[in-house]
Amino acid sequence: MMSINCLALDFGASSARLMLGKYDGKRIELTEIHRFLNEPVSLCGRVYWDILRLFHEVKIGLKKISKLNLKIHGIGIDTWGVDYGFLDKNGNLIQNPIHYRDNRTLSAVRDVKKILPFDEIYKTTGIQYMNLNTIYQLVSDKEIRNDIYKISDKFLMIPDLFNYFLCGEKLNEYTQATTSSLIDINSKKWSSEILNNLGLRSDMFCDMVMPGTVLGKLSKEIEDEVGLKDLDVIAVASHDTASAVCAVPFSDENSIFLSSGTWSLIGKELNEPIINLDSMKKNFTNEGGAEGKITYLKNITGLWIIQQLKNKWEGAITFPDIIEAARREMHKNFIINPNAEEFTFPNNMAEAIADYCVKKGQGRPKTLGEHAISVYNGLVNEYRLACLDLEHLTNSKISTINMVGGGILDEFLCEMTAHATGKTVVVGPVEASVLGNIIMQLKALGEVKDLNQGREIVKNSFDVKTYNI
């Protein structure tokens, strides 16, 4: 058969890339077309996403692909969760979207709790508490950006915004929307109860679309600028975690996933949400997945901390240097909780780690390796605890952790994960979010029947590696 060519735009919290996926009926072959940084911008006390620069980079990538003279059938976008932008009534973007690590939500969290206790929010949405959740960002906007909030006509989350830039359609994709803590997880609609109680406008939200929906064609303006014609813009599972889970080649029904990157997401794909007091106290979240599935998981701050350490020790230090330094200090007992507030957005990550260890009575780490091993110890300890919680909450035994994402390139982390959890760790593929993105495009185009077939294609296309205790 003629190959089906799909473009996947995969945005992480620190970098992004445009990938070409060629599907020959049996396997998917990936080629990187364009990679670029995704760096937050601090300005006048706020932290923003540089959304216009990002879209400029998208167009650079599309121009590169047009020079290959290939028939491109679809393009899909997946990004991080919770963040959004506003459009005015003329369809213009109002200000750059604010970054989830901005601190503006702190007062909003207190205000929401006075009106709507978190257990009530959790009963409806199934979404874990994080002070960066969209619900708190919107309440904050109503309070401190009221001029912008009042004139806003439409609310689009980040992948919705990029889809709009490409094809002009204003729609909210379901998996991304669930990260907002504003979706009724059972009805799969915006919760009128939560919106009304918090005095949030419901008129700015758009119609909901499910993963695997063709939204439209590239706008003529974009076609003319980048040189691509007759290209379908497709809503995939646009939250990058949901997209990654689409491509996890689960070993069996007792397997769980661990998507490792800037964030670590560990959990299980379920048919129904788990919403009870125990689940809420353990801070597990029920995010929307493809084909009506629930992505039941725990969010753990991931290798972002290591990235920040690298930035602190600028110069010739590389990630392999950090890993090797950590290996040399494996006998040290330094350990942090990666989810502690101290590590949300510190000015100096190394100092934050050292101060935390001192506060916890561990002494002060001094070398690069001592700082790094404290992070690795903290990460795998969180994985161990999450596995225990998952077994309890789902009333099932975990046999295997299917580990995907960029973090699996760190063999030291994979080894430590197997030893800390006592589980078999099956590693691969690296490009899980990209592959899940492409699988849902192929489904929308009628080339793949369902997720099961898509996962078999992934198994046929990429090797995996196994780590045992």
Side-chain angles (χ1 to χ4, degrees), residues 10-14 78-83 100-101 126-130 132-133 158-159 175-176 178-181 185 211 236-250 255-270 273-274 279 282-290 293-307 337-339 343-344 375 378-390 393-394 398 400-410 413-414 417 420-421 423 425-437:
D10 177 50
F11 287 84
S14 56
D78 65 87
T79 80
W80 66 95
V82 307
D83 291 333
Y100 61 75
R101 292 194 185 277
I127 298 298
Q128 72 179 110
Y129 167 76
M130 298 179 81
L132 51 78
N133 284 352
I158 300 298
T175 68
Q176 183 72 207
T178 63
T179 71
S180 69
S181 204
I185 198 64
V236 296
S238 68
H239 183 214
D240 53 7
T241 304
S243 196
V245 172
C246 287
V248 174
F250 290 112
S255 297
I256 65 170
F257 63 85
L258 170 52
S259 180
S260 176
T262 301
W263 288 86
S264 293
L265 302 312
I266 185 167
K268 191 169 185 177
E269 186 177 67
L270 303 176
I274 296 177
S279 179
K282 297 291 185 182
N283 217 22
F284 272 75
T285 196
N286 295 267
E287 294 174 358
K293 300 289 188 180
I294 295 296
T295 307
Y296 186 65
L297 62 88
K298 183 75 171 284
N299 274 288
I300 301 167
T301 299
L303 292 171
W304 182 78
I305 299 178
I306 295 291
Q307 293 165 6
N337 177 354
N339 285 334
F343 310 118
T344 300
V375 181
L379 283 175
V380 299
N381 185 57
E382 288 300 307
Y383 300 165
R384 178 185 66 83
L385 295 174
C387 284
L388 293 173
D389 288 340
L390 270 170
L393 293 166
T394 63
I398 297 168
T400 306
I401 301 174
N402 284 88
M403 199 167 171
V404 299
I408 69 173
L409 297 174
D410 186 338
L413 178 62
C414 299
T417 299
T421 62
K423 310 296 181 184
V425 174
V426 178
V427 170
V430 174
E431 302 288 1
S433 293
V434 168
L435 287 165
N437 181 320

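Atom set for the values below is all heavy atoms of this structure, side chains included, hydrogens, waters and symmetry mates excluded. Bear in mind that the values here come from a model prediction, so they are computed numbers and not experimental data.
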For I127 and S181, the nearest pair of non-hydrogen atoms, with its separation, is CB-OG, 3.9 Å
Any chance you could measure E269, atom CD, to F250, atom CZ, to the nearest 0.5 Å?
5.0 Å
Hey, could you give me the CG/OG1 distance between N381 and T421, rounded to the nearest 0.5 Å?
11.5 Å
Hey, is the main chain of S243 close enough, under 3.5 Å, to the side chain of S433 for a donor-acceptor pair?
no
Might you point out which heavy atoms bring S260 and L413 nearest each other, and give the distance in Å?
OG-CD2, 3.7 Å
To the nearest 0.5 angstrom, please state how far the OG1 atom of T295 sits from the NE2 atom of H239.
9.0 Å
What's the verdict on side-chain contact (heavy atoms from CB on, under 4.5 Å) for N299 and L265, showing C-alpha distance, side-chain angles and the deciding distance?
CA-CA 5 Å; N299 274 288; L265 302 312; 2.6 Å; yes
Using side chain to side chain donor-acceptor pair (under 3.5 Å), reason through S264 and Y383 one step at a time and then give a plain yes or no.
CA-CA 9 Å; S264 293; Y383 300 165; 2.7 Å; yes
Nearest 0.5 angstrom please: L258 CG to K423 NZ, how far?
13.5 Å
Non-hydrogen side-chain atoms of D78 and P159 separated by less than 4.5 Å
no
Quick check for you: to the nearest 0.5 Å, what is the distance between S238 atom OG and I158 atom CD1?
10.5 Å
Looking at every heavy atom in both P249 and N402, which two are closest together, and how far apart are they?
O-ND2, 3.3 Å
Straight-line distance of I266 CD1 to T417 OG1, nearest 0.5 Å
8.0 Å
State, to 0.1 Å, how close Y296 and S279 come at their nearest heavy-atom pair, and which atoms those are.
OH-OG, 2.7 Å
Do any N or O atoms from the side chain of T285 and from the backbone of Q128 form a donor-acceptor pair under 3.5 angstrom?
yes
F284 versus I274: any side-chain heavy-atom pair under 4.5 Å?
no
Has the side chain of T179 got a donor or acceptor atom that lies under 3.5 Å from a matching backbone atom of G81?
no
Taking the side chain as C-beta and beyond, is there a heavy-atom pair between F11 and D240 under 4.5 Å?
no
Under 4.5 Å between any side-chain heavy atoms of V245 and L297, yes or no?
no
Would you check if I185 and I294 make a side-chain contact, meaning some heavy-atom pair closer than 4.5 Å?
yes
Stepwise side-chain contact (heavy atoms from CB on, under 4.5 Å) check, M130 with N133
CA-CA 6 Å; M130 298 179 81; N133 284 352; 3.6 Å; yes
Would you mind reporting whether Q176 and T79 have side-chain heavy atoms less than 4.5 Å apart?
yes
Closest heavy-atom pair and its distance - K298, N283:
CD-O, 3.3 Å
With a 4.5 Å limit on heavy-atom distance, are the side chains of W263 and W304 in contact?
no
For the residue pair N339 and I300, establish whether any side-chain heavy-atom pair is separated by less than 4.5 Å.
yes
Test side-chain contact (heavy atoms from CB on, under 4.5 Å) applied to L132 and R101, step by step:
CA-CA 7 Å; L132 51 78; R101 292 194 185 277; 5.7 Å; no
Shortest non-hydrogen contact from G267 toward I256
O-CB, 3.1 Å
